[in-house]
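Chain naming here is simple, since letters A, B, ... match the order of the sequence lines and numbering starts at 1 in each.
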There are 2 protein chains.
Amino acid sequence: MDTLDKTDLQILSILQNNARLTTKELASQVNLSSTPVFERLKRLENGGYIKKYIAVLDAEKLNQGFIVFCSVKLSKLNRDIAAEFTKIVQDIPEVTECYNISGSYDYLLKIHAPNMKYYQEFILNVLGSINSLGSLTSTFVMDEVKHNYGIPL
Amino acid sequence: MDTLDKTDLQILSILQNNARLTTKELASQVNLSSTPVFERLKRLENGGYIKKYIAVLDAEKLNQGFIVFCSVKLSKLNRDIAAEFTKIVQDIPEVTECYNISGSYDYLLKIHAPNMKYYQEFILNVLGSINSLGSLTSTFVMDEVKHNYGIPL
DNA sequence: TGTGAAAAGCATTAGGC
DNA sequence: GCCTAATGCTTTTCACA
């Protein structure tokens with residue numbers, strides 16, 4: 001599978017907003033019957049276009065609504081130190097995202113915490129204890145204005 | 001519904017990684033039969049703990065693998081200008097996330113594009129034409145090290 | 001809250017255009 | 001590549017511990 005037609009993109013676009021539609025409902029939205037939609041779905045899943053299906057939770061209600069973007073500079077930027085840092089980061093549950101970035105910092109981390117107090121302790125105890133980490137700047141999220149959980153299609 | 005027990009959290013934790021399990025499979029993972037799991041699910045959905053179910057797509061394969069964090073400073077920070085800016089941002093598909101942040105900038109935008117050329121044009125044509133926007137800095141993502149699509153539980 | 005079984009509805013496959 | 005129709009699961013409801 002290498003090319004997607006308009007219907008495939010339509011299916012992906014619908015599913016990245018709501019993955020709980022039945023094949024039937026999905027089919028009616030793209031003006032087809034279930035069988036071809038079902039087959040397209042399998043092709044999209046097996047072709048890796050759809051990576052997984054997930055539930056989006058309410059961070060606020062689950063007491064994880066305090067969000068911080070944490071910019072990190074490594075103690076020194078080389079392959080070993082970068083590898084060490086990224087490995088450690090994978091196992092820290094509060095770090096929900098981590099990007100290697102351009103600019104004055106090396107990494108951008110998205111962090112979820114219950115509140116400022118928790119975050120402060122987290123910085124001191126968890127991030128602060130990482131040797132490969134040089135410096136760090138916290139940018140606090142005051143409001144989540146938009147969050148698509150998807151990509152433009 | 002106001003309190004979640006350990007089983008509820010376990011269910012949420014499983015679902016934010018894989019929402020395609022059958023009730024039966026989910027039930028066996030939490031050592032219950034389908035009915036109570038089904039009822040808990042409905043409670044979690046109706047209580048707003050689960051906001052929605054989505055398909056996670058492969059941005060790379062869908063030609064949207066060029067990711068930029070764009071820091072924006074408004075021309076002037078007041079309620080009207082902020083409202084105008086956030087309203088416009090909602091309708092720009094390339095902007096997949098937008099946060100009101102602390103620090104030297106007012107907003108942090110996550111932007112998906114096919115490539116640098118596209119992004120350059122996007123900045124000039126789309127973001128550049130927003131009046132409420134003062135200045136802007138692009139931070140390019142070189143590598144997505146971690147992306148959980150979930151929160152710590 | 002929980003169990004197990006039955007009913008209603010879906011996903012999935014088969015057979016044909 | 002599409003359709004309709006059949007089958008086997010799943011979800012969902014219900015009676016009951």
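The salt bridge (charged side-chain N to carboxylate O under 4.0 Å, His left out) test applied to B/Lys42 returns B/Glu45, not counting sequence neighbours. By the salt bridge (charged side-chain N to carboxylate O under 4.0 Å, His left out) test, A/Glu25 is found to be paired with no residue, residues two or more places apart in sequence or in another chain being considered. Listed by chain and residue number, A/Arg40 satisfy the salt bridge (charged side-chain N to carboxylate O under 4.0 Å, His left out) test with A/Asp5 (two or more places apart in sequence, or in another chain).
Atom pair B/Ile11:CD1 and C/dG2:C1' shows a separation of 13 Å (rounding to whole Å applied). Following rounding to the nearest Å, B/Leu32 (CG) and C/dG4 (P) show an atom-to-atom distance of 11 Å.
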Parsed dot-bracket for DNA chain C after applying the Watson-Crick and G-U rules with both distances under 3.5 Å and | for other-strand partners is ||||||.||||||||||
With B for base contact, S for sugar-phosphate-only contact and - for none (protein heavy atoms under 4.0 Å), nucleotides 9-17 of chain C reads -SSBBB---
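Using a 4.0 Å cut-off, some side-chain N or O of A/Arg40 falls inside it from OP1 or OP2 of D/dC2.
The main-chain N or O of B/Tyr107 is never found under 3.5 Å from a side-chain atom of B/Asn100 such that the two would form a donor-acceptor pair. A donor-acceptor distance shorter than 3.5 angstrom exists from the side chain of B/Asn17 to the backbone of B/Ser13, with no hydrogens or angles considered. Put simply, the side chain of B/Asp106 gets close to the backbone of B/Leu74: a donor and an acceptor are under 3.5 Å apart.
Both tests pass for A/Lys61 against the ring of B/Tyr49: distance under 6.0 Å to the centre and angle within 45° of the axis.
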With a cut-off of 3.5 Å and sequence neighbours excluded, list every side-chain donor-acceptor pair involving residues 145-153 of chain A.
| unit_1 | atom_1 | unit_2 | atom_2 | d |
| --- | --- | --- | --- | --- |
| A/Lys146 | NZ | B/Val89 | O | 3.1 |
| A/Lys146 | NZ | B/Gln90 | O | 3.0 |
| A/Lys146 | NZ | B/Ile92 | O | 3.0 |
| A/Lys146 | NZ | B/Val95 | O | 2.9 |
| A/His147 | ND1 | A/Glu144 | OE2 | 3.3 |

